[in-house]
Amino acid sequence: MPHAQHYTREVYQDPGIRLPENFIGQLPEYFPKHGRIIHNARNQIRVYELEGKEINIKKFCIPPIINRILYSLGWRTPKAKTTFLNAQEILKRGFQTPRPFGYIIERTAGLINFSYFASEQVQGVATLRQNHTHIEPMIDALAEYTARLHQAGLMHRDYTPGNILYQEQDGKFDFMLVDINRFRIQQTPIGLWRSISNLMQPFENDEHLKMFVKAYAKYRKINQTLATCHVLFLRHTRNAYNSVKRTLKKLPGAYILLNKPLGKED
């Protein structure tokens, strides 16, 4: 641990959740020694079994240098805290996301280091990417859900297959959102063209994407052909941009502006 004079922690543990006292505050010491890893990239996610229930802990990596300064100066809210606050608001508005338990943010000499977000580990759900059956009913159900989400003033800014969980029962689909630190929340419906621009990622297959956008347009009562052409154009433009960005990341010195990788656990 860094020198105590320079090291601080911002800790919040929801008092309405039955967890051991100061469980969230002890996560930096507890995290690397316990639980099973379910995701290990820039950020790491571990699942713990505690008092008969499973808890999901996400450890956010140290931000890239520019973002680190912005977070540290308070110009941006750290991801762990943003995720907690977003989850509370999503649940308040009647949509589903894993119940948030708390967060902790570490700082050294005022600069943000690692941060942690704790929530429930949801059982019996799959990601959108895992769906291989009943694809057409699921696409229609997701389109209707997405339209309601946008009309409620909510928009997931990383609306990808891995961040959309679903559960099917008797031909009906229920959806849940995860990885919600990049989320738009407002008191009025999301603007129409901003909403349409949010539709290009849920399906990697172009035919499935077309079906999704047409169904969404039906629920929003807008021109299906115009919406579909717009989304496909955005998708192909984004793909070209991502290809260029991958190339730029290979240039010498590019790592300075990138997220610091999360060290592998022993």
Side-chain angles (χ1 to χ4, degrees), residues 37-45 56 58 61 79 83 86 90 95-98 122 124-150 154-169 171-184 190 192-220 222-250 258-259 261:
I37 298 173
I38 63 172
H39 178 79
N40 192 27
R42 288 184 305 174
N43 305 316
Q44 188 180 93
I45 301 175
N56 182 297
K58 183 171 185 177
C61 68
K79 290 183 178 181
T83 303
N86 287 350
I90 291 167
F95 295 88
Q96 295 303 309
T97 190
V122 180
V125 294
T127 68
L128 203 63
R129 187 176 284 116
Q130 295 170 301
N131 181 279
H132 302 291
T133 61
H134 305 117
I135 188 69
E136 291 187 22
M138 188 203 67
I139 287 175
D140 188 77
L142 182 65
E144 189 272 338
Y145 167 84
T146 307
R148 287 193 294 109
L149 192 74
H150 290 168
L154 300 174
M155 186 179 79
H156 199 314
R157 295 174 60 199
D158 192 14
Y159 206 43
T160 57
N163 291 337
I164 305 170
L165 309 183
Y166 77 95
Q167 187 175 51
E168 180 183 4
Q169 187 172 6
K172 296 183 179 181
F173 293 86
D174 292 316
F175 297 98
M176 172 178 287
L177 302 177
V178 295
D179 200 9
I180 56 172
N181 62 281
R182 294 180 60 210
F183 213 92
R184 187 178 185 89
I190 303 297
L192 191 57
W193 288 110
R194 190 187 295 274
S195 296
I196 292 174
S197 299
N198 188 230
L199 305 180
M200 61 179 167
Q201 293 180 292
F203 295 97
E204 296 164 348
N205 178 292
D206 272 5
E207 290 306 312
H208 291 164
L209 183 65
K210 290 178 185 178
M211 292 170 58
F212 171 65
V213 176
K214 287 180 179 179
Y216 178 91
K218 174 186 67 176
Y219 288 112
R220 292 295 299 267
I222 59 178
N223 186 285
Q224 296 184 6
T225 301
L226 186 60
T228 303
C229 290
H230 182 68
V231 171
L232 288 175
F233 172 77
L234 288 175
R235 157 107 105 194
H236 297 152
T237 302
R238 173 62 68 86
N239 288 344
Y241 166 77
N242 287 339
S243 178
V244 172
K245 191 164 74 169
R246 284 193 293 270
T247 300
L248 292 176
K249 284 183 176 181
K250 298 177 183 178
L258 303 179
N259 280 336

* Counterpart residues, side chain to side chain donor-acceptor pair (under 3.5 Å), relative to Arg194 (two or more places apart) -> none
* Asked: Can you tell if the side chain of Asp179 reaches within under 4.5 Å of the side chain of Asp158, non-hydrogen atoms only?
  -> yes
* Rounded distance [0.5 Å steps], OG1 in Thr146 versus CD1 in Ile164 -> 6.5 Å
* **Lys214 NZ to Asp140 CG distance, which is reported to the nearest 0.5 Å** => 13.5 Å
* Nearest heavy atoms of Phe173 and Pro137, plus distance in Å -> CE1-C, 3.9 Å
* **Inter-residue atom distance Leu232.CG - Thr237.OG1, 0.5 Å rounding** => 10.5 Å
* Specify the closest pair of heavy atoms between Leu177 and Tyr159, including all atoms of both residues, with the distance to one decimal. => CD2-CE1, 3.8 Å
* State whether the side chain of Asn43 and the backbone N or O of Cys61 hold a donor-acceptor pair below 3.5 Å, judged by distance alone. => yes
* Ring geometry between His208 and Phe203 (parallel below 30°, tilted from 30 to 60°, perpendicular above 60°) -> perpendicular
* Just wondering, do Ile222 and Ile196 contact through their side chains at under 4.5 Å, heavy atoms? -> yes
Please set out all donor-acceptor pairs under 3.5 angstrom arising from side-chain atoms of residues 223-231, sequence neighbours excluded.
residue: Asn223; atom: OD1; partner: Thr225; partner atom: N; Å: 3.1
residue: Asn223; atom: OD1; partner: Leu226; partner atom: N; Å: 2.7
residue: Thr228; atom: OG1; partner: Gln224; partner atom: O; Å: 2.8

* Asked: Side chains of Met138 and Glu168: does their closest heavy-atom pair fall under 4.5 Å?
  -> no
* To do: May I have all residue pairs that pass salt bridge (charged side-chain N to carboxylate O under 4.0 Å, His left out) and include part of residues 224-240, sequence neighbours excluded?
  => Asp206-Arg235
* Asked: With a 4.5 Å limit on heavy-atom distance, are the side chains of Pro98 and Met176 in contact?
  -> yes
* **Donor-acceptor contact below 3.5 Å, side chain Thr83 vs main chain Lys79** => yes
* Considering all heavy atoms of both residues, which atom of Gly162 and which atom of Thr127 are nearest to each other, and what is their separation? -> O-CG2, 3.9 Å
* To do: Please examine the side chains of Phe95 and Leu149, heavy atoms only from C-beta on, and report whether any two atoms are closer than 4.5 Å.
  => yes
* **Partners meeting side chain to side chain donor-acceptor pair (under 3.5 Å) with Tyr145 (sequence neighbours left out)** => none
* If you measure from CZ on Arg182 to NE2 on His156, what distance do you get to the nearest 0.5 Å? -> 8.5 Å
* To do: Can you measure from CD1 (Ile139) to CD (Glu207) and round to the nearest 0.5 angstrom?
  => 10.0 Å
* What residues form a side chain to side chain contact (heavy atoms under 4.5 Å, CB included) with Asn86, not counting sequence neighbours? -> Thr82, Ile180, Phe183, Ile185
* Taking the side chain as C-beta and beyond, is there a heavy-atom pair between Lys58 and His39 under 4.5 Å? -> no
* List in chain and number order the residues that pass side chain to side chain donor-acceptor pair (under 3.5 Å) with Thr160, two or more places apart in sequence or in another chain; answer none if no residue qualifies. => Asn163
* Between atom CG of Leu199 and atom CZ of Phe212, what is the distance when rounded to the nearest 0.5 Å? -> 5.0 Å
* For Pro202 and Leu128, work out which heavy atoms get closest and say how close. => O-CD2, 3.4 Å
* Okay, side chain of Gln44, backbone of Ile37: is any donor-acceptor separation there less than 3.5 Å? -> no
